[in-house]
Amino acid sequence: QLHAAIKAAMPQKRPTLRRLPQVSWPQGVERLDRHAAHGAAWAYLFKRGVSYDMAQPWGLGYGRTGWLTDYLVFPVHMDDGLVYWQGRACFDPEGARGVFKKTLNPKSEGENATASEVILNYDRARIAEHVVITEGPFDALKVGNHAVALLGKAPSPAKVARLLRMRARRFTVYLDRGAEERAAAHKLAGELSVQAEVYVAEPPEGQ
């Protein structure tokens, strides 16, 4: 029994992490700037409480042609290169758009990174002393350069291992409000507490 208790208290072996291959910038997507043709993207960002200055450091894109038309594109840089991206619709789904998807992701092909391996803003935030972990890209963008987005509420073992490789001495886990999210946040906090000081926060009621 003593042996079992000691084994349970020991840090678990972390999964082996591969170097993620780089991908090309998606076709038909332009780098977001103040061009008049990007007005729909800026209107959407302003509606979400994001200003020019907040958005500029993130290197966002805006789809002008192709399957990402009218989608805001968040690039994911890890291992010093572009390894993934996520598109978020800038338009109202009500209307003649056919099959509507709020979020678009690259197709998993060959050795390309999958959603279970990537963390938005990882390369920039990995040197921060305090890292804020959010669920979605807009939350991370509004927090600032020291925030990352899991792009989901339940981090995989690979994502936890990546977070433990960051320089952070303090993490704040700030997922969406809800019972499922609260459970996921506390589970993640427990996993990160082997290395750093960890706090759990929630958005205010109704936000």
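Only a predicted model underlies this, so the values are computations on that prediction, with no experimental measurement involved. Throughout, numbering of the chain's residues begins at 1 and tracks the sequence. FYI, side chains are in, hydrogens and waters are out, and symmetry mates aren't considered; it's all heavy atoms of this structure.
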May I ask whether [X] and [Y] are part of the same hydrophobic cluster, defined by side-chain heavy atoms of I, L, V, M, F, W, Y residues being less than 4.5 angstrom apart, directly or through others?
X      : Y      : answer
Ile127 : Leu164 : no
Val132 : Met166 : no
Leu163 : Val143 : no

(message) Does either side chain, that of Asp70 or that of Tyr62, offer a donor lying less than 3.5 Å from an acceptor on the other one?
(response) yes
(message) Side chains of Glu197 and Tyr199: any donor to acceptor distance under 3.5 Å?
(response)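 Short answer, yes.
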Are [X] and [Y] close enough that some pair of their side-chain heavy atoms sits under 4.5 Å apart?
X      : Y      : result
Val83  : Pro21  : no
Thr172 : Val200 : no
His77  : Trp85  : no
Leu150 : Glu135 : no
Thr103 : Tyr71  : no
Tyr174 : Pro203 : yes
Leu45  : Leu32  : yes
Ile119 : Leu151 : no

Heavy-atom closest contact ([X] atom, [Y] atom, distance):
X      : Y      : answer
Leu188 : Val160 : CD1-CG2, 3.9 Å
Ala158 : Leu17  : O-CD2, 3.8 Å
Val73  : Pro26  : CG1-CG, 4.3 Å
Ser156 : Ser116 : OG-O, 2.5 Å
Lys107 : Asn112 : O-ND2, 4.3 Å
Asn145 : Pro57  : OD1-CB, 4.0 Å

(message) Both conditions, 6.0 Å and 45 degrees, for the charged tip of Arg88 above the ring of Phe138: are they met here?
(response) no
Looking at [Y], is its backbone amide N or carbonyl O close enough to the side chain of [X] to form a donor-acceptor pair, meaning the two atoms are under 3.5 Å apart?
X      : Y      : result
Asp139 : Thr134 : no
His38  : Asp33  : yes
Lys142 : Arg48  : yes
Arg124 : Ala147 : no

Distance (rounded to the nearest 0.5 Å) between [X] [atom1] and [Y] [atom2]:
X      : Y      : atom1 : atom2 : answer
Ser51  : Phe46  : OG    : CZ    : 7.5 Å
His146 : Arg170 : NE2   : CZ    : 9.0 Å
Trp42  : Leu72  : CH2   : CG    : 8.5 Å
Thr65  : Gln27  : OG1   : CD    : 8.0 Å
Asn105 : Phe74  : CG    : CZ    : 12.0 Å
Leu141 : Leu60  : CG    : CG    : 6.0 Å

(request) Please report the C-alpha distance between Leu104 and Gln86 in whole Å, then the side-chain angles of each, then the deciding distance to 0.1 Å, and finally whether the side-chain contact (heavy atoms from CB on, under 4.5 Å) criterion is met. (result) CA-CA 6 Å; Leu104 291 177; Gln86 184 176 91; over 6 Å; no
(request) Please say which of Leu82, Val23, Val29, Asn121 ends up in a side-chain contact (heavy atoms from CB on, under 4.5 Å) with Pro75. (result) Leu82
Before accepting this row, confirm whether a basic side-chain N of the pair [X]/[Y] lies closer than 4.0 Å to the acidic partner's carboxylate O.
X      : Y      : result
Glu181 : Arg177 : no
Asp123 : Arg126 : yes
Lys159 : Glu117 : no
Arg182 : Asp176 : no

(request) Count the heavy atoms of every other residue, nucleotide or ligand shown that sit under 6.0 Å from CZ of Arg169, and state whether that count exceeds 12. (result) no
(request) Verify whether the ring centers belonging to Tyr122 and Tyr84 lie closer than 6.0 Å. (result) no
